[in-house]
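Scroll down for the structure; my scribbles are underneath it.
Since the model is a prediction, treat every value here as computed from it, not as a measurement.
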Amino acid sequence: MKNFNMGTTVIAFAFLSSFSLTACGGNSGSNAAPTTIDSSNKSSLNTGRGNANAEKTSLTSDEISGLLFMREEEELARDLYLDIYETRNSELQIFKNISDNAETKHAKAIRQLLKKYDIEDPSTGERNAYTDPELQYLYDQLFSIAIGSDDLAALRVGALVEETDIGDIKMHIDNVSSEHQDIISTYENLLCGSRNHLRAFAGQIENITGETYVTQVVELDSEVRAILSSNNERCGQ
């Protein structure tokens, strides 16, 4: 599967371009061009630490790097959503609900796997601060977009994060051996959560625009449309 890592910095630039008119007070309707991700730009955490632990943990370097990346990616979503809620002074309760009820649990679930396999946690332990410099850059860009425009732009930031998270998780699941069902189960639970979050963000966007939600990660268009045409799921059941 192609890499849709949130560390791909082109996401932020493309997204910023999509909403440049809105940020400047222009038309905030849903006619803005969808964000396109250049999946040829690939990035990941430095896996040198993971390689050193591979034999000790019985995980492959790909499995380790996936856990390291997802740990901070889930923290980014948690921090970003809470910061949007606290900063915008709007009615966007959806961001706080998702941050408190899901993203915090997701980050902890990955942390538990790191502890189980004796892998050093990449988390800085500080809000809005990440070991991966590209994730740090992406957080800064998306936060700036979300608070620099209207509620619609903020909601589209949330939807973009969830679309990208879906692509990332599916890629990492593909790299996990069938013998590590604990990792696969955790990823599948995260994936379920991201599908529900995407439905929630897309629903609010459609309420504002009166138009059908447009996929932002174009490579995932068919999957996103399938998700949005289905009902919410009960995750972890």
Q.
Before we go on, tell me: are the rings of Tyr81 and Phe95 under 6.0 Å apart, centre to centre?
A. yes

Q. So, Asp174 versus Tyr187: side-chain donor-acceptor pair below 3.5 Å or not?
A. no

Q. Does a donor on one side chain sit under 3.5 Å from an acceptor on the other, for Tyr139 and Asp83?
A. yes

(Q) Could you measure the distance from the OG atom of Ser61 to the CG atom of Leu68? Nearest 0.5 Å is fine. (A) 11.0 Å

Q) Ring centroid separation for Tyr137 and Tyr130, is it under 6.0 angstrom? A) no

Q: Kindly give the heavy-atom pair with the smallest separation between Asp132 and Glu72, and that separation in Å.
A: N-OE1, 3.0 Å

Q | Flag side-chain contact, heavy atom, 4.5 Å: Thr212 against Leu228 | A | no

Q | CD1-CZ distance between Ile147 and Phe143, expressed to the nearest 0.5 angstrom | A | 4.0 Å

Q: Might you work through the side-chain contact (heavy atoms from CB on, under 4.5 Å) test for Glu120 and Leu114, ending with a clear yes or no?
A: CA-CA 7 Å; Glu120 184 178 352; Leu114 293 175; over 6 Å; no

Q) Considering only heavy atoms from C-beta outward, does the side chain of Leu82 approach that of Asp100 to under 4.5 Å? A) yes

Q | Exam field: side chain Ser229 to backbone Ala226, donor-acceptor pair closer than 3.5 Å | A | yes

Q.
Rounded to the nearest 0.5 Å, what separates atom CD1 in Ile110 from atom CD1 in Ile119?
A. 10.5 Å

Q: Using distance alone, with no hydrogens and no angle criterion, decide if Ser123 and Glu75 have a side-chain donor and acceptor under 3.5 Å apart.
A: yes

Q: Would you mind reporting whether Tyr117 and Ile64 have side-chain heavy atoms less than 4.5 Å apart?
A: no

Q. Is it true that Arg127 and Glu86 make a salt bridge, defined as a side-chain N closer than 4.0 Å to a carboxylate O?
A. yes

**Q.** Residues Val176, Thr60; criterion side-chain contact (heavy atoms from CB on, under 4.5 Å); working and verdict
**A.** CA-CA 8 Å; Val176 178; Thr60 67; over 6 Å; no

Q. Just by distance, do the side chain of Thr131 and the backbone of Pro122 share a donor-acceptor pair under 3.5 Å?
A. yes

Q. Is a donor on one side and an acceptor on the other found under 3.5 Å between the side chain of Ser65 and the backbone of Asp62?
A. yes

**Q.** Within-4.5 Å side-chain heavy-atom neighbours: Ile183 and Ile173
**A.** no

Q) Between atom CG of Asn232 and atom CD1 of Ile227, what is the distance when rounded to the nearest 0.5 Å? A) 11.5 Å

Q: Grab the two heavy atoms, one from Ala202 and one from Tyr213, that are nearest each other, plus how far apart they are.
A: CB-CG, 3.7 Å

Show me, pair by pair, the donor-acceptor contacts under 3.5 angstrom made by side chains of residues 190-198, not counting sequence neighbours?
unit_1, atom_1, unit_2, atom_2, d
Ser194, OG, Glu162, OE1, 3.2
Ser194, OG, Asp165, OD2, 3.0
Ser194, OG, Leu190, O, 3.4
Arg195, NE, Glu233, OE1, 3.4
Arg195, NE, Glu233, OE2, 2.7
Arg195, NH2, Glu233, OE1, 2.7
Asn196, OD1, Arg199, NH1, 2.7
Asn196, OD1, Glu233, N, 2.9
Asn196, ND2, Glu233, O, 2.8
His197, ND1, Glu103, OE2, 3.4
His197, ND1, Glu162, OE2, 3.4
His197, ND1, Gly193, O, 3.3
His197, NE2, Gly193, O, 3.4

Q: Report yes or no: does Ser99 contribute a side-chain atom to a donor-acceptor pair with the main-chain N or O of Arg78 at less than 3.5 Å?
A: yes

Q: Please check if the side chain of Ser144 supplies one atom and the backbone of Asp140 the other of a donor-acceptor pair under 3.5 Å.
A: no

Q: List the atom of Ile166, the atom of Glu223, and the distance in Å for their closest heavy-atom pair.
A: CG2-OE2, 3.9 Å

Q) Does Asp151 have any salt bridge (charged side-chain N to carboxylate O under 4.0 Å, His left out) partners at least two apart in sequence or in another chain, and if so, which? A) Arg88

Q.
Measuring only between side-chain heavy atoms, which start at C-beta, is Leu155 closer than 4.5 Å to Ile94?
A. yes

Q.
As a test of understanding, state which of Glu74, Arg71, His106 forms a side-chain contact (heavy atoms from CB on, under 4.5 Å) with Arg111.
A. Arg71

Q) Shortest non-hydrogen contact from Leu76 to Leu135? A) CD1-O, 3.4 Å

Q: Can you measure from CD (Glu63) to CD1 (Ile184) and round to the nearest 0.5 angstrom?
A: 8.5 Å

Q.
Keeping Ser185 on the side-chain end and Gln181 on the backbone end, is there a donor-acceptor pair under 3.5 Å?
A. no

Q | Reported NZ-to-CG distance for the pair Lys116 and Leu113, which is rounded to 0.5 angstrom | A | 7.0 Å

Q) Are any non-hydrogen side-chain atoms of Val217 and Leu160 less than 4.5 angstrom apart? A) yes

